[in-house]
Amino acid sequence: MKNKKILNLYQFLRKKYGKLIWWTHETPFEIMIGAILVQNTQWKNVEKALENLKNNNMFSAEKIRRLSLETLIQLIKPAGLYNQKATRIKSICDWYKDESHFQVLRRKRTATLRKELLSINGIGHETADAILLYGFKRTIFVVDAYSQRLLINEGVIEKQMPYLELQSLFHNALPKSYLLYSQYHALIVHHSKTLKTSRISYDTK
DNA sequence: AACCAGGAGAGAG
DNA sequence: CTCTCTCATGGT
């Protein structure tokens with residue numbers, strides 16, 4: 001059975017907040033680094049870390065791979081959790097290698113990429129899917145704590161569900177569209193944040 | 001001045 | 001499988 005409420009919720013949020021632009025002009029490499037840096041951190045702090053890397057001319061996989069762990073830690077410090085994030089960024093740069101190798105990566109199947117990403121230290125389901133969606137433009141829905149809460153508050157689900165089950169719920173309820181998926185996820189995050197400060201109701205009628 | 005942010009991993013039960 | 005802890009800065 002198809003869940004129409006999930007699609008209705010998207011249309012409601014889309015009308016309420018309009019188009020949300022998330023990672024449309026950024027390069028896949030920047031999206032990957034950003035996805036690591038933003039873990040359990042506000043985006044505002046991630047921007048400082050990204051600026052540090054760019055200002056020091058260290059914003060490429062090759063350069064970061066040659067960078068000492070200590071220096072990398074100093075550069076990304078404003079994003080917090082810097083010890084683990086530095087080694088995670090190292091790991092992902094080893095996988096990415098360089099821009100020519102990206103041409104190889106982009107030809108792989110989504111399922112293959114997802115497995116490879118998940119095998120990298122520091123990349124779990126959510127980060128892997130964010131990279132696949134926004135970086136590789138694959139039609140994969142990014143599930144997070146917000147989307148889980150939204151579905152519970154709307155009575156779509158009873159209680160918490162495993163990540164992959166929740167994801168297939170969205171996949172089955174929505175038309176397969178990169179634009180839709182990327183917009184929906186951004187809308188859910190934005191909506192949940194504004195809710196805290198202004199207590200707007202979810203009412204979709 | 002506690003609490004949380006666009007999580008992941010390791011450990012225990 | 002489901003909790004619980006840890007990681008750490010920066011903003012309310």
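Proteins come first, then strands; the chains are lettered A, B, ... in the order of their sequence lines, and each starts at number 1.
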For A:Trp43 and B:dG6, do the ring centres fall under 5.5 Å apart while the planes stay under 30° apart?
-> yes
Taking the P atom of each, how far is B:dA10 from C:dA8, in whole Å?
-> 15 Å
Separation between the P atoms of B:dG6 and C:dT2, rounded to whole Å =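 Those two atoms are separated by 24 Å.
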Quick one: label A:Ile120 by what it contacts on the DNA or RNA (base, sugar-phosphate, nothing), any heavy atom closer than 4.0 Å.
->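 Since only primed, P, OP1 and OP2 atoms lie under 4.0 Å of A:Ile120, the category is sugar-phosphate.
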N/O donor-acceptor pair under 3.5 Å between [X] side chain and [Y] backbone:
X: A:Lys85; Y: A:Leu37; result: yes
X: A:Asp129; Y: A:Val142; result: no
X: A:Tyr134; Y: A:Trp22; result: no
X: A:Ser147; Y: A:Val143; result: no
X: A:Arg114; Y: A:Ala128; result: no

Length of the line joining [X]:[atom1] and [N]:[atom2], which is rounded to integer Å:
X: A:Tyr134; N: B:dG6; atom1: OH; atom2: C1'; result: 9 Å
X: A:Gln39; N: B:dG9; atom1: CD; atom2: C1'; result: 11 Å
X: A:Gln84; N: C:dT6; atom1: CD; atom2: P; result: 13 Å
X: A:Ile76; N: C:dC7; atom1: CD1; atom2: P; result: 16 Å
X: A:Ile36; N: C:dC7; atom1: CD1; atom2: C1'; result: 14 Å
X: A:Lys85; N: B:dG6; atom1: NZ; atom2: P; result: 11 Å
X: A:Lys193; N: C:dT12; atom1: NZ; atom2: P; result: 12 Å
X: A:Tyr163; N: B:dG7; atom1: OH; atom2: C1'; result: 11 Å

Are OP1 or OP2 of [N] and a side-chain N or O of [X] less than 4.0 angstrom apart?
X: A:Tyr146; N: B:dG6; answer: yes
X: A:Lys48; N: C:dG11; answer: yes
X: A:Thr41; N: C:dG10; answer: no

With nearest nucleotides of DNA chain B determined for A:Asn121 and A:Val38 from heavy-atom distances, which residue corresponds to the more 5′ nucleotide?
-> A:Val38
DNA chain B: 5'-proximal contact among A:Leu118 and A:Asn45 (nearest heavy atom) | A:Asn45
Which of these nucleotides, B:dG6, C:dC7, C:dT12, is closest to any side-chain atom of A:Lys44?
->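 Of the candidates, C:dT12 comes closest.
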Would you mind telling me which of B:dG6, C:dC7, B:dA8 lies closest to the side-chain atoms of A:Thr127?
-> B:dA8
If you pin A:Asn40 and A:Pro162 to their nearest nucleotides in DNA chain C, which one's is more 5'?
->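 Result: A:Pro162.
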